[in-house]
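Here is the structure we will look at.
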Amino acid sequence: MEIITSHTNADFDSLAAMVAAKKIYTNAVLVFSGSADAGVRQYLQSSGDWLSILHPGDVNLKEISKVIIVDTREPHRLGEFRELIEKPGVEVHVYDHHPTSYRDIVGEKNIIQEVGSTATIFTEIIQEKKIPITPKEATLFCTGIYVDTGSLTFATTTPHDVKAADWLLKQGADLKVVGEYLNRNLSDEQRNLLNSLIASLEHKTVEGQSILVASASVDDYIDDLAVLVHRLIDRESVSSVFAIVRMGDRIYVVGRSTNPLVNVSEILIEMGGAGHTTAASACLRGRHVEKVKNELLEIVGKKIRHRSALGSEAFEKPLRASILKVEDWSTIPESIVNLLKSVGETAKNASINVFVVGGFVRDLILGVKNLDLDLVVEGDGIAFARLLADQRHGSFFSFEKFGTASVILPDHLKIDVATARKEFYARPAALPEVAGTSIKQDLFRRDFSINGMAIKLNPPDFGQLIDFFNGQRDLQHGVLRVMHPLSFVDDPTRIFRAVRFEQRYQFRMDSHTEKLLKDALKEGVIQHLSMERVSAEIVLILSEPNPLPAIRRMGALRILMLIHPNLKLSSKIIEIIEALPGSLSLFQSPELEPWIVYAIALLSELEPYEVNEVLNNLRWSGKEKDKFSLLLGDWKKILNTIAQGQSIKPSALAKLLDPISPEGLIFLHAAPSLPNSAWGHVQGRILQYWSRFRKISLLLTGKDLLALGIKPGPEYRLLLEKLKDEQLDGEIKTKEEAEAFIKKRGTAPLFENPHSSP
């Protein structure tokens, strides 16, 4: 079964879009997701039986295989049909004209245009497909356009809306009928509410901007509050107005504005609402009108300040059309800039578009150096990568399944090239299936808005920022926002990445993103991941220059417990991790892996068998596991031994510490488990071992022992160990002394008992 639906409290644009969608999806049935507004109800009562529209109770949700959603992408506005967008096996198509929001539904098909009316989108499709319509249908579609564009006068009106209305008039649309629904007389209840709003009018000046606020309370729901708000605008001649009305146990907030500094969509999204830059609304429960008013004015002030800080140019053209001037690329070497220009020239000559995307763009805007070059091609990415490799005499590797390739240039610089693609997840946490698409769809599949930007490289547009999803705005405001509601379900590794990016840049997840993350955790989505993928994300977090904030965040979100149920972030562990950067700075070794030092600290309060469980679960390699050997014994006993043995010999110290990995030694140096009086001594002895005793060069080798007449065998190892002890303790300082020691020990009866001490 296929259904066509729209948001609850459907208006004329919703109804028109639903009926128009039926012209395309001929097998689908029309179903309201909830109620309809008064005008639509009146229209349906007077229009006869030419329209057949069902209600949620008339359909069996289990039988629905496809849902066509029009005039909204907000899940919470679909009533009972909300569950369909997440139901396996249900295909979702979306048609909408509202601005992109982080809560948007993403379907298998998404037709989104920022025009004045969804009816305009369908009118253009019907024209293109040459589908015939009746005068009655043309009138309804025209009504949808006129209502949502204020008879083509609202600021959201586009040339598309005007052309669509013109075509509909030529198809027989009756403006007299349209006018009847545009100019309906107010009911007594509406007239009384309007009078209450007029009596309550307050002119506020917020951050230098004039705002009109009206409020009222009624016991029952009254239709068309938006119509009353327009009456207020006409009466008062203001650019920005908000109406706050309690109806029963709910409070409705409606905003209208033509002032670019007062973006009512941004403002009311903060209150759980939605809409356009010039028209938006929200519905709240269990609140008081006065408190809502105060909260609203506070949000208005905050948003005006943010928009003022962006400057007037931000409103003259969208951020996504801005040019990042090459002279401002201060974090990028000139050679890389020239390389990217050359790549753009190659793409132009090949008649394709190429973009640099992702972290490079994000960090360029932030002023952070990042030379990871990820290119996206609108075309055949693999063929373009091969062309780059041939032109620059580099090597080439391709991954056909994902449409990606890597080019290694002679100077060892790596360029990753991908075909612009969209991804499909067959199930939560599965690796994606991919298909070719445009740069916009490619960016939409990414994890967060700050990573969903691109820079075009083709001349003459080199440096043009492509930002469909307001990533630059989120960077400016320090906000981490997912691209769509199922982001964490599709790929749960994004939970770890959200924590990592949030703490790295000292950003914050917006409230909706954090709720989606917590909901995903409650649903147990991480359990769907392979442990290899979980392990890789944990390593990335622990590899951050300062991983403690991310570790704290994982603790607060109860993610650490998913690594092991008994893993808790105690004050002692935090104290150790805080000390680790200082200890790390004192130990230098090419074999050192700092992330393991932090992992040892994180696991240090688990029992040895629990540490083993974590190491096995996370699938770390045998070499990596060996570096955790310290935690498989009594590491606190090692510290106490060093602390209590004030005169412990260097040889004894080496025997104690030799089995411990460099990472384990750094952990011991930082672990504050002893009184301060002993701690300085312990740290000093560990550093002494690291710098002087760890890799002592023996005065003799096996060849020397052979020359001294010692027969090869197990004796060699034991003799050299004894020699090492003597050297460490300063008893033997020259080669001659070493030879004399070996000659004596090589023939001594004591040699037969290698466990005896000299």
Mind listing the side-chain donor-acceptor pairs of residues 20-29 below 3.5 Å, one per line with the distance, residues two or more places apart or on another chain?
| from | atom 1 | to | atom 2 | distance (Å) |
| --- | --- | --- | --- | --- |
| K22 | NZ | T26 | O | 3.1 |
| K22 | NZ | A28 | O | 2.5 |
| K23 | NZ | P132 | O | 3.2 |
| K23 | NZ | E137 | OE1 | 3.2 |
| K23 | NZ | E137 | OE2 | 3.3 |
| Y25 | OH | H93 | ND1 | 2.7 |
| Y25 | OH | Y95 | OH | 2.7 |

N/O donor to acceptor pairs below 3.5 angstrom from side-chain atoms of residues 517-526, sequence neighbours left out:
| from | atom 1 | to | atom 2 | distance (Å) |
| --- | --- | --- | --- | --- |
| K518 | NZ | E514 | OE2 | 3.2 |
| D519 | OD2 | K515 | NZ | 2.9 |

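Between Y146 and F12, the gap from one ring centroid to the other reaches at least 6.0 Å. Checked against a 6.0 Å centroid threshold, the rings of F501 and F507 do not count as neighbours.
R508 and E502 are not joined by a salt bridge, as no carboxylate oxygen comes within less than 4.0 angstrom of a charged side-chain nitrogen. The residues R500 and E537 are annotated as salt-bridged, a charged nitrogen and a carboxylate oxygen being separated by less than 4.0 angstrom. Here R41 does not pair with D37 in a salt bridge; the nearest charged N to carboxylate O distance is not below 4.0 Å. Salt-bridge check for K136 with D174: failed, with every basic side-chain N at 4.0 Å or more from each acidic carboxylate O.
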List the steps and the verdict of salt bridge (charged side-chain N to carboxylate O under 4.0 Å, His left out) for E266 and R473. CA-CA 12 Å; E266 285 185 351; R473 180 197 66 189; 3.8 Å; yes
Working note: V354 + F384, criterion side chain to side chain contact (heavy atoms under 4.5 Å, CB included); need CA distance, chi angles, decisive distance, verdict. CA-CA 9 Å; V354 64; F384 185 70; 4.0 Å; yes
If you apply the rule side chain to side chain contact (heavy atoms under 4.5 Å, CB included), what do you find for V115 with I121, and how did you get there? CA-CA 8 Å; V115 292; I121 298 174; 3.8 Å; yes
Is there a side-chain hydrogen bond (donor to acceptor under 3.5 Å, both in side chains) between S487 and R494 once you walk through the steps? CA-CA 8 Å; S487 182; R494 290 170 178 166; 3.0 Å; yes
Derivation and outcome, side chain to side chain contact (heavy atoms under 4.5 Å, CB included), residues V361 and F355: CA-CA 10 Å; V361 181; F355 310 82; over 6 Å; no
Please evaluate residues F448 and V482 with respect to the criterion side chain to side chain contact (heavy atoms under 4.5 Å, CB included), reporting the C-alpha separation (whole Å), side-chain torsions for both, the decisive distance (0.1 Å), and the verdict. CA-CA 4 Å; F448 308 108; V482 288; 3.7 Å; yes
Test F141 against F122 for ring-ring contact (aromatic ring centres under 6.0 Å, His included), laying out the working first. CA-CA 9 Å; F141 302 164; F122 279 105; 8.5 Å; no
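Using a 4.5 Å cut-off on side-chain heavy atoms (C-beta onward), V417 and T404 make no contact. Side-chain contact between L475 and R362: present, with at least one pair of heavy atoms (C-beta onward) separated by less than 4.5 Å. A heavy-atom distance below 4.5 Å is not found between the side chains of I64 and E2. Two residues are said to be in side-chain contact when any heavy atoms from C-beta on lie closer than 4.5 Å; M247 and D220 fail this criterion. A 4.5 Å side-chain heavy-atom check between I111 and V94 finds every atom pair outside the cut-off. Between Q527 and L562 the shortest side-chain heavy-atom distance falls below 4.5 Å. Side-chain contact check for D374 versus V356: every heavy-atom pair is 4.5 Å or farther apart. Put simply, the side chain of Y43 reaches to within 4.5 Å of the side chain of L51, judged on heavy atoms.
Side-chain atoms of T72 come within 3.5 Å of backbone atoms of E74 as a donor-acceptor pair (strictly under, hydrogens ignored). Looking at D467, its side chain does come within 3.5 Å of a backbone N or O of Q472 through a donor-acceptor pair. Checking side-chain atoms of D491 against main-chain N and O of F488 turns up no donor-acceptor pair under 3.5 Å. D161 places a side-chain N or O within donor-acceptor distance of the main-chain N or O of G116, the cut-off being under 3.5 Å. Between the side chain of S65 and the main chain of M1, a donor-acceptor pair closer than 3.5 Å is present. Proximity of a side-chain donor or acceptor of T5 to a complementary backbone N or O of V31 within less than 3.5 Å is detected. A donor-acceptor distance shorter than 3.5 angstrom exists from the side chain of E108 to the backbone of V92, with no hydrogens or angles considered.
For the atom pair CE (M18) and CG (D13), the distance works out to 12.0 Å, reported to the nearest 0.5 Å. Here the CD-CG distance, from E91 to L84, works out to 13.0 Å after rounding to the nearest 0.5 Å. One finds the CG atom of L375 at 8.0 Å from the CG atom of D416 (value rounded to the nearest 0.5 Å). Within the model, atoms CZ of R445 and CD of Q441 stand 11.0 Å from one another, a figure rounded to the nearest 0.5 Å. To the nearest 0.5 Å, the span separating OG1 on T139 from CG on L168 amounts to 8.5 Å. In this structure, I4 CD1 and K66 NZ are separated by 10.0 Å, a value rounded to the nearest 0.5 Å.
Looking at residues two or more places apart in sequence or on another chain, you find a salt bridge (charged side-chain N to carboxylate O under 4.0 Å, His left out) between D447 and R497.
Across all non-hydrogen atoms, the minimal contact from M483 to F469 is CE-CD1, 3.1 Å. Contact between V377 and I352 at its shortest, heavy atoms only, is CG1-CD1, 3.4 Å. Considering every non-hydrogen atom in both A405 and A385, the closest pair reads CB-CB, 3.6 Å. In terms of heavy-atom proximity, L78 sits nearest to S6 at CD2-O, 3.8 Å. Here the closest heavy-atom approach between residue P75 and residue I85 is recorded as CB-CD1, 3.8 Å. Minimum heavy-atom separation, T419 to G381: OG1-N, 2.8 Å.
For the residue pair S117 and D148, no side-chain donor N or O sits within less than 3.5 Å of a side-chain acceptor on the partner. Looking only at atom types and distance, the side chain of R481 has no donor-acceptor partner in the side chain of T513 under 3.5 Å away. Remark: the S14 side chain and the H7 side chain contain an N/O donor-acceptor pair separated by less than 3.5 Å. Counting only N and O atoms by type, the side chains of D96 and H98 include a donor and acceptor under 3.5 Å apart. Side-chain atoms of N451 and R446 form no donor-acceptor pair, as typed in the model, at a separation below 3.5 Å. Between the side chains of S449 and D474, at least one donor N or O sits under 3.5 Å from an acceptor N or O.
Counting heavy-atom neighbours within 6.0 Å of E128 CD, excluding the residue itself, gives a total of 12 or less.
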